[in-house]
2 protein chains.
Amino acid sequence: MIGEFEYVLLTAASALGDDAYGVSIREQIESATGRRCSIGALYTTIDRLESKGLVTTWLGGATTERGGRSKRMVQLTPQGVSAAREFYNAIMRVSRDASWAVERGKGIV
Amino acid sequence: MIGEFEYVLLTAASALGDDAYGVSIREQIESATGRRCSIGALYTTIDRLESKGLVTTWLGGATTERGGRSKRMVQLTPQGVSAAREFYNAIMRVSRDASWAVERGKGIV
DNA sequence: TTATTACTATCACAATGCAATACAAATGAT
DNA sequence: ATCATTTGTATTGCATTGTGATAGTAATAA
C-alpha cells in the first residue's frame, strides 16, 4: 500500500496532466492541501514512486523562456492509477459508517 | 498528520464503540479492509495513538466468561475524532477531481 | 564571465507500518 | 494447589514513508 503523501502526489500529478513536473506538482499539492510541501518530500517521493513503477519521468524539452534548468516531467503509469484508486477505495471502505464521513443522504444520522 | 493505519485503527475503534479493545479492533480492521492486521501493528499503533492523546485506554472489568486476560479497552478522545476527521477531509479534498474518485453529482461547490 | 532565474538532487533523521516472538492473567480440571 | 487451556496484551527490531536543510545544475541576459 502506498502512503498518504504518495497518494497526494499521485493525485496532484494526475490533475496536472501534461503540465506535471516538480515545481507545478509542489504548487498543486500546497494549494490542494493548504499545507507546505518541502522540496525534499517532493523529489524523494517522486523517486520512490518511479522506482516502484507508479510514475514515469523524463526531462522536458527546451520550452523555458527565461532561463532555468529543464523540467522533470511526471506522468502516472497504469499501475500508478491503480495504486491511487486502491488507496482511495480503501479509505472510503473503511470510512463507510464513520461519523466524520457522513454526507447528505447517507446513513442513519 | 496521522498515518493511514492510524486512521484505520481510529475508525475501527469508533465503529466498535464500547466494545473496542485489541482483539475486536483487529477483527474489525481485517473485516473492513480485507487485509491482515498483525499484532505488532495493532498494539504499537494503539500505544502511539495514546501517547499522542488521540485515544484513551484502560483495563476492562472481569466480564470474561471463560478464561483469558482482561481486555484493554480503547476509546477515541475528542482530539482523536478531530484527527480522523482531518485525515478524511484531506483525502477528500485532494481527491475532488481525481478520475478514480468521481461520484454522482459531485461538483466543485 | 558573472548574475539571475528556474528547477532538480541528496542527506540525514523522524515518524509510521508491521512481522515475529514473548509474555500475562483468568479459568477449570485434576 | 498446579497445570493446561484459553484469551489477550506487550516488546523488539527492522522496513517503509515523511520531511527539513542544504547543495547542485542548467539556461538566459547583461
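Convention: sequence-line order gives letters A, B, ...; per-chain numbering from 1. Predicted model, so just to flag it, every value in this text is computed and none were measured.
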Nearest heavy atoms of A:A101 and B:Y88, plus distance in Å: CB-CZ, 3.5 Å
d(CZ, A:F87; P, D:dT17) in whole Å: 11 Å
Shortest non-hydrogen contact from B:Y43 toward B:G22: OH-CA, 3.6 Å
Can you check the B:E6 CD to D:dT17 C1' distance for me, whole Å? 12 Å
Donor-acceptor check, side chain of A:T77 to backbone of A:G53, threshold 3.5 angstrom: yes or no? yes
Take atom CD1 of B:I2 and atom P of D:dT17, then tell me their distance rounded to the nearest Å. 18 Å
Could you list by number each residue of residues 34-56 of chain B showing a heavy-atom separation from DNA chain C of less than 4.0 Å, or answer none if no residue does? B:S38, B:G40, B:A41, B:T44, B:R48, B:K52
side-chain contact (heavy atoms from CB on, under 4.5 Å) partners of A:A41, counting only residues at least two apart: A:F5, A:S38
A:L9 has an atom CG; how far is it from atom P of D:dT19, in whole Å? 11 Å
Of all the heavy-atom pairs spanning A:A13 and A:V74, show the shortest one and how long it is. CB-CG1, 4.2 Å
According to side-chain hydrogen bond (donor to acceptor under 3.5 Å, both in side chains), does anything in residues 45-56 of chain A pair up with another residue at least two apart or in another chain? List the pairs. A:E6-A:K52, A:D47-A:R72, A:E50-A:T57, A:E50-A:R72
Take atom CE of A:M1 and atom C1' of C:dA19, then tell me their distance rounded to the nearest Å. 17 Å
Atom NZ of B:K71 and atom C1' of C:dA24 are separated, to the nearest Å, by 16 Å
The remaining residues in the hydrophobic cluster of A:W58, counting side-chain heavy-atom contacts under 4.5 Å among Ile, Leu, Val, Met, Phe, Trp and Tyr, are A:Y21, A:V23, A:M73
Which of residues 13-30 of chain B sit near DNA chain C, with a heavy atom under 4.0 Å from it? none
Any side-chain hydrogen bond (donor to acceptor under 3.5 Å, both in side chains) involving residues 22-36 of chain B? Give me the pairs, sequence neighbours left out, ordered by first then second residue. none
Without decimals, in angstroms, what is the distance between B:R69 CZ and D:dT5 C1'? 16 Å
